[in-house]
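What you see is a predicted model; the values in this text were computed from it and never measured. Side-chain atoms are counted along with the backbone in the values below, which use heavy atoms only and exclude waters and symmetry mates.
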Amino acid sequence: MTTATAPELDKKEEHRLRNIRNIGIMAHIDAGKTTVSERILYITGRTHKIGEVHDGEATMDFMEDEKNRGITIASAATQCMWKDIQVNIIDTPGHVDFTVEVERSLRVLDGAVAVFDGVAGVEAQSETVWRQADRYGVPRICFINKLDRTGADFDKAFDSIHHRLQCNAVRMQIPLGIEKDFYGLVDLLEMKAYRFTEGDGPGIEDMEIPDDVKELVNDRRAEMIEKIVEIDDDLVERFLDGGDFTVAELKEATRRATLAGHAIPVFCGSALHDKGVHPLLDAVVDYMPSPIHKGSVTGMDPKDENAEILRHPSCEEPLAALAFKTIADPNGDLTFLRIYSGTLNRGDQVYNPRTRKKERVGRLMFMHANTREAVDQVKSGEICAVVGLKDTITGDTVCEQKQPVILESMTFPEAVISMSIEPKSMGDRDKLGDLLTQLHREDPSFRVMTDQETDETVIAGMGELHLEIITTRIGRDYKIPVTVGAPRVAYRQTINAEVDIEGKQIKQSGGSGQYAVVNVKFRPWVRTEEDEDKETNTNFIDSIKGGVIPTTYIPAVRKGIEEMSKSGGALGWPFVNIEAELHYGKSHDVDSSELAFNLAGQRAFRDAVNANFTVLEPVMKIVVQAPEEFLGDVIGDLNTRRVSIDEITMDGMIREVSGKVPIAEMFSYAGTIRGLTQGRGSFSMEPAGYEAVPSYIQEELVKERLK
């Protein structure tokens with residue numbers, strides 16, 4: 001294992017790093033993420049006009065489709081200054097179809113602000129992004145938004161964070177008033193009350209804590225202190241002994257608890273009307289980590305994957321940066337980088353360990369949504385965009401060739417919806433092919449493939465909206481008119497039971513022959529936690545003893561099995577979760593070859609899954625909200641869609657139905673729910689994995705597919 005001690009930073013460099021915050025704004029769709037971002041930019045002076053999402057004028061939602069639909073589709077980066085702290089912000093999408101944008105943003109961020117609707121509390125996509133942040137160990141603070149809306153309930157929203165997300169949520173504030181009477185808040189840490197003000201200025205002014213909430217404030221403060229001092233045994237002992245704490249001690253304990261993931265501070269307000277955003281910014285500065293607090297990043301030695309290399313946040317260290325986003329541009333692809341160590345200069349030559357190629361940095365810039373600020377140098381701890389990296393894609397590491405390192409990449413979800421696509425003019429075929437490749441570089445969750453039987457080009461993505469927006473862009477932005485087929489479900493297959501198969505490829509009829517015999521045990525692969533991050537869908541085990549198959553031919557057997565697994569056999573749906581153990585075989589001194597063993601492996605796989613397979617379909621977690629008077633019609637319709645209902649809850653006059661549903665049953669559901677509820681119902685979905693289809697449906701699918 002390769003390690004290195006952190007270099008000693010000079011005071012100037014340490015001060016620079018301590019004054020950086022790399023944060024993301026994340027939430028369920030319509031919780032108000034972009035509005036929070038817009039208020040932050042206005043308050044910090046980064047913009048001089050407040051861009052409203054509902055008017056299509058939000059700075060961070062600059063794409064045409066974002067303006068038209070009022071939702072965030074692509075993550076957007078910007079930076080601003082607050083109390084001499086450089087805050088780099090990435091505003092992420094909330095719609096499930098664009099979850100990959102959240103995934104790659106969280107991979108490179110040091111902290112995150114999770115925004116929740118004060119009426120709805122934790123929603124389906126809130127849980128998804130929360131788990132993504134858990135996976136990357138991102139410290140978080142929460143902001144309960146929209147408390148001036150009818151039906152808002154701070155305590156209810158707080159309880160949903162605590163219980164549904166299974167986290168140690170800590171109230172740092174309580175609101176004064178609620179719904180249209182929401183007028184201020186109490187800071188429990190400093191024991192101060194604030195009234196919201198309008199116009200230019202800080203947006204809040206001091207006031208006395210109202211008498212009618214003093215008892216509640218004291219109770220909530222004691223609860224807050226009890227939760228945050230748990231990070232330190234000495235503080236716990238003082239708390240149990242009835243000791244007092246200074247504001248500085250509580251702030252430091254809160255910061256440490258937040259960075260350790262032990263506590264999640266919760267704040268409140270209404271971003272649309274600039275209520276509570278100033279204290280939220282203060283919390284970002286006080287409790288979110290700087291690159292120094294985040295510490296070193298662990299990478300892998302390209303020459304020895306078992307050896308770890310540490311890179312520390314310092315300009316004195318060798319360069320190590322991760323590419324987390326690519327945008328196609330006529331003047332050269334724009335590659336977003338997080339610089340973990342070292343310094344990157346305009347004109348530098350950098351090394352990509354994946355491609356083993358050197359590339360030159362053409363231009364460097366800081367991004368403010370879709371505008372660019374050219375710079376000559378970017379330092380450790382910062383986020384930038386680069387023009388000139390032609391072969392670098394999302395997840396690649398950029399480093400120095402003499403001291404290479406591979407940083408942990410990121411995983412992307414499987415596509416669940418596909419459709420055929422073809423240009424209306426045959427003259428655009430090559431142009432469309434190049435564009436689809438380019439769009440895949442931008443968005444790794446967007447897939448392009450060719451149907452081997454029909455020779456159709458097939459695109460696949462995370463949902464109907466995902467593919468709809470891509471096909472719209474192709475026609476509108478790139479001027480290539482296309483025809484698309486109906487959406488199709490991205491089915492998968494798996495093996496039912498263990499079988500021991502002998503696969504043969506024997507051709508010895510004169511001249512150069514082919515000879516290969518392989519004995520392979522195929523069985524369902526039950527993944528362990530260690531297997532979860534493996535991208536392969538086939539776990540190959542080499543159990544050959546005594547050299548009955550020369551070691552040079554074993555990779556060919558593995559490749560043959562994997563090729564058949566991906567092709568999907570007669571039905572064409574890829575196989576997943578299959579374990580293949582090669583345990584015996586035969587070879588010939590003259591006629592054996594890699595090709596022969598590759599074909600023998602393919603034949604063994606084909607025989608193993610013949611009539612020994614189950615079709616799997618993507619299943620979604622669904623939450624439907626509808627007024628109580630329409631509940632019967634909504635449930636009746638859901639029952640026709642093979643929904644497995646987990647629970648039905650009530651929030652005022654609104655009923656919430658949650659459960660699981662096959663995505664095949666949910667095409668065009670948005671129109672159905674509007675019709676059933678006179679436009680007052682809504683729903684959200686998120687991927688929940690794959691499950692076996694019922695036998696009667698499998699029979700229909702197989703019959704239709706083979707037709």
Around atom CG of N639, are there more than 12 heavy atoms from other residues, nucleotides or ligands closer than 6.0 Å? yes
For F522 and N612: C-alpha separation, side-chain torsions, deciding distance, then whether side chain to side chain contact (heavy atoms under 4.5 Å, CB included) applies. CA-CA 11 Å; F522 293 92; N612 183 28; over 6 Å; no
Quick check: closest heavy atoms across R149 and D117, and the distance to 0.1 Å? NH1-OD2, 2.8 Å
Testing the basics here: between A604 and V520, what is the closest heavy-atom pair and its distance to 0.1 Å? CB-CG2, 4.4 Å
Heavy-atom donor-acceptor pair, T494 side chain to V576 backbone, under 3.5 Å: yes
Minimum heavy-atom distance between A157 and G118, given as atom pair plus value: CB-O, 4.2 Å
Any chance the side chains of T538 and S565 put a donor and an acceptor closer than 3.5 Å? yes
Consider only side-chain N and O atoms of D434 and Q438, and report whether a donor and an acceptor are under 3.5 Å apart. no
Any side-chain donor near an acceptor of the partner, S658 and D646, under 3.5 Å: no
Working note: L165 + F116, criterion side chain to side chain contact (heavy atoms under 4.5 Å, CB included); need CA distance, chi angles, decisive distance, verdict. CA-CA 12 Å; L165 301 179; F116 299 91; 3.8 Å; yes
Look only at the side chain of R135 and the backbone of R107, and say whether a donor-acceptor pair between them is shorter than 3.5 Å. no
Do any side-chain atoms of residues 480-492 form donor-acceptor pairs under 3.5 angstrom with protein atoms, and if so which ones, sequence neighbours left out?
| residue | atom | partner | partner atom | Å |
| --- | --- | --- | --- | --- |
| R492 | NH2 | E414 | OE1 | 2.8 |

Holding to side-chain hydrogen bond (donor to acceptor under 3.5 Å, both in side chains), I want the full list of residues that pass it with E617, two or more places apart in sequence or in another chain. R642
I want to check something: taking the side chain as every heavy atom from C-beta on, are E456 and E422 in contact at a cut-off of under 4.5 Å? no
Whether R527 side chain and W525 backbone form a donor-acceptor pair below 3.5 Å: no
Do Y136 and L109 come close enough that some side-chain heavy atom pair is under 4.5 Å? no
Among I645, V624, I622, L638, the one residue meeting side chain to side chain contact (heavy atoms under 4.5 Å, CB included) with V661: I622
For the CZ atom of R523 and the CD atom of E581, what is their distance to the nearest 0.5 Å? 4.5 Å
Compare every heavy atom of G121 with every heavy atom of S160, then report the nearest pair and how far apart it is. OG-CA, 3.6 Å
I need the minimum non-hydrogen distance between K33 and A27, along with the two atoms involved. CD-N, 3.0 Å
Indicate yes or no for a side-chain donor-acceptor contact from T35 to the backbone of A271 under 3.5 Å, with no hydrogens or angles considered. no
Under 4.5 Å between any side-chain heavy atoms of V609 and M564, yes or no? no
Answer yes or no: are there more than 12 heavy-atom neighbours, outside R674 itself, under 6.0 Å from its atom CZ? no
Is a side-chain donor or acceptor of Q678 paired with a backbone partner of G675 at a separation under 3.5 angstrom? no
Any side-chain heavy atom of R655 within less than 4.5 Å of one from I648? yes
Test item: V643 and V657 side chains (from C-beta on) under 4.5 Å apart, heavy atoms: no
Closest heavy-atom contact between V115 and A31? CG1-O, 3.6 Å
Does the pair K479/D428 count as a salt bridge with the N-to-O cut at 4.0 Å? no
Can you find a pair of side-chain heavy atoms, one from M620 and one from K660, that are under 4.5 Å apart? no
Distance from I663 atom CD1 to Y690 atom OH, nearest 0.5 Å? 8.5 Å
Taking the side chain as C-beta and beyond, is there a heavy-atom pair between Q132 and M26 under 4.5 Å? no
Using a 4.5 Å cut-off on heavy atoms from C-beta on, say whether the side chain of V702 contacts that of F613. yes
Trace of the side chain to side chain contact (heavy atoms under 4.5 Å, CB included) decision for Q505 with L595: CA-CA 9 Å; Q505 178 64 22; L595 175 60; over 6 Å; no
If the condition is ring pair (Phe, Tyr, Trp, His ring centres under 6.0 Å), which residues does F446 pass it with, not counting sequence neighbours? none
Give a yes or no answer on whether the side chain of R641 reaches the backbone of E665 with a donor-acceptor pair at less than 3.5 Å. yes
Working to the nearest 0.5 Å, report the span between CG of N352 and CG of L389. 8.5 Å
Could you tell me the separation between the CG atom of L571 and the CD atom of E704, rounded to the nearest 0.5 Å? 12.0 Å
Distance check, rounded to the nearest 0.5 Å: Q602 atom CD versus E563 atom CD? 5.5 Å
Using the rule given for side chain to side chain contact (heavy atoms under 4.5 Å, CB included), can you reason through I474 versus L439, listing the C-alpha separation, both sets of side-chain angles and the distance that settles it, and then say yes or no? CA-CA 10 Å; I474 290 171; L439 292 173; 4.0 Å; yes
Distance check, rounded to the nearest 0.5 Å: W130 atom CH2 versus I161 atom CD1? 7.0 Å
